[in-house]
Amino acid sequence: MRRVMASAPAEEAPVVVPEEQARPKLRTEFAFELPRGYVDDAGNVHHSGVMRLATARDELVPLRDDRVRENSAFLTVVLLARVITRIGDVTDVHAGVIENLFASDLAFLQDMYRRVNSEGHTRAGVACPECGHGFVVDVAGGRLGES
């Protein structure tokens, strides 16, 4: 039996791509502007804030919380308190802060949470009510409903 070595085709030189170009940087924090604003104990109104991406732990830990066990509607409050890192000058965002938000701000943050954790962005497709022209807006930016 005779062994024959087949020559391998010439390999092309590997293309080296800098890591920044190979994969876009993961965005983990999202700034927002509350429609009404959080009013702190001193009467100051805070509009801007930051929400981070939720982890599996963020979604699991509230399920063990007694407040959530007694009232499942409280899940939203506990979950948002875990992922919102700042509202205005308030950096200690806890369930009590979220409980004191206006209903429109809570609804806004629930929608934003869903967008950033399910879809990975804060953009929404909308259409002009007059002409029907569609376009995209960033729902996290700008003051909504107030001037």
Side-chain angles (χ1 to χ4, degrees), residues 8-147:
E11 291 185 26
E12 294 182 22
V15 177
V16 179
V17 178
E19 193 169 325
E20 299 100 34
Q21 291 178 357
R23 194 177 321 185
K25 187 174 180 181
L26 177 64
R27 184 174 175 196
T28 60
E29 292 191 332
F30 299 83
F32 61 82
E33 291 286 326
L34 293 174
R36 299 258 183 244
Y38 168 67
V39 181
D40 65 18
D41 293 336
N44 301 314
V45 181
H46 305 273
H47 293 283
S48 62
V50 176
M51 178 186 293
R52 66 172 174 77
L53 283 178
T55 63
R57 181 180 211 81
D58 291 325
E59 294 202 349
L60 293 172
V61 167
L63 298 175
R64 295 190 310 237
D65 191 299
D66 289 336
R67 298 168 294 185
V68 174
R69 287 183 178 171
E70 291 174 17
N71 180 359
S72 61
F74 206 74
L75 175 63
T76 298
V77 171
V78 176
L79 187 55
L80 287 175
R82 291 184 62 88
V83 299
I84 295 174
T85 59
R86 179 181 62 79
I87 299 177
D89 296 334
V90 180
T91 55
D92 180 22
V93 179
H94 50 81
V97 171
I98 304 301
E99 284 181 293
N100 286 313
L101 290 171
F102 293 109
S104 58
D105 290 333
L106 181 64
F108 169 83
L109 290 170
Q110 287 175 307
D111 183 57
M112 183 173 168
Y113 177 90
R114 182 187 57 76
R115 287 183 187 283
V116 301
N117 288 289
S118 297
E119 302 167 17
H121 58 78
T122 57
R123 296 180 307 276
V126 296
C128 172
E130 294 292 320
C131 68
H133 175 73
F135 55 97
V136 176
V137 296
D138 188 343
V139 296
R143 298 275 311 277
L144 304 174
E146 290 185 64
S147 46

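Throughout, residue positions are numbered sequentially from 1 according to the sequence presented.
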Q: Would you give the length of the straight line joining atom CZ of F108 to atom CG of L101, rounded to the nearest 0.5 angstrom?
A: 11.0 Å
Q: Using a 4.5 Å cut-off on heavy atoms from C-beta on, say whether the side chain of M51 contacts that of L80.
A: yes
Q: State the OG-CG distance between S48 and D89, to the nearest 0.5 angstrom.
A: 8.0 Å
Q | With sequence neighbours excluded, residues passing salt bridge (charged side-chain N to carboxylate O under 4.0 Å, His left out) with R86 | A | none
**Q.** Distance in Å, I87 CD1 paired with H47 NE2, rounded so as to fall on 0.5 Å steps
**A.** 11.5 Å
(Q) Any non-hydrogen side-chain atom of I84 less than 4.5 Å from a side-chain atom of F32? (A) yes
Q. How would you list, by chain and number, every residue that makes a side-chain hydrogen bond (donor to acceptor under 3.5 Å, both in side chains) with E59, sequence neighbours excluded?
A. Y113
Donor-acceptor contacts under 3.5 Å from residues 37-45 side chains, at least two apart:
from	atom 1	to	atom 2	distance (Å)
D40	OD1	A42	N	3.0
D40	OD1	G43	N	3.0
D40	OD1	N44	N	2.8
D40	OD2	N44	ND2	3.4
D40	OD2	H46	NE2	2.8

Determine all donor-acceptor pairs shorter than 3.5 Å in which one atom belongs to a side chain in residues 61-68; sequence neighbours excluded.
from	atom 1	to	atom 2	distance (Å)
D65	OD1	R67	N	2.7
D65	OD1	R67	NE	3.0
D65	OD2	R67	NE	3.4
D65	OD2	R67	NH2	2.7

Q.
So, using side-chain contact (heavy atoms from CB on, under 4.5 Å) as the criterion, who are the partners of A73 when residues are at least two apart?
A. N71
Q. Do the side chain of D105 and the main chain of R36 share a donor and acceptor less than 3.5 angstrom apart?
A. yes
Q. Can you list the residues that meet the salt bridge (charged side-chain N to carboxylate O under 4.0 Å, His left out) rule with D58, with sequence neighbours excluded?
A. R52, R82
Q. Is any side-chain heavy atom of V93 less than 4.5 Å from a side-chain heavy atom of V83?
A. no
(Q) To check you understand the geometry: which heavy-atom pair defines the closest contact between P35 and S104, and what is its length? (A) CG-O, 4.3 Å
**Q.** Rounded distance (nearest 0.5 Å) linking atom CG of N117 with atom CG of L79
**A.** 8.0 Å
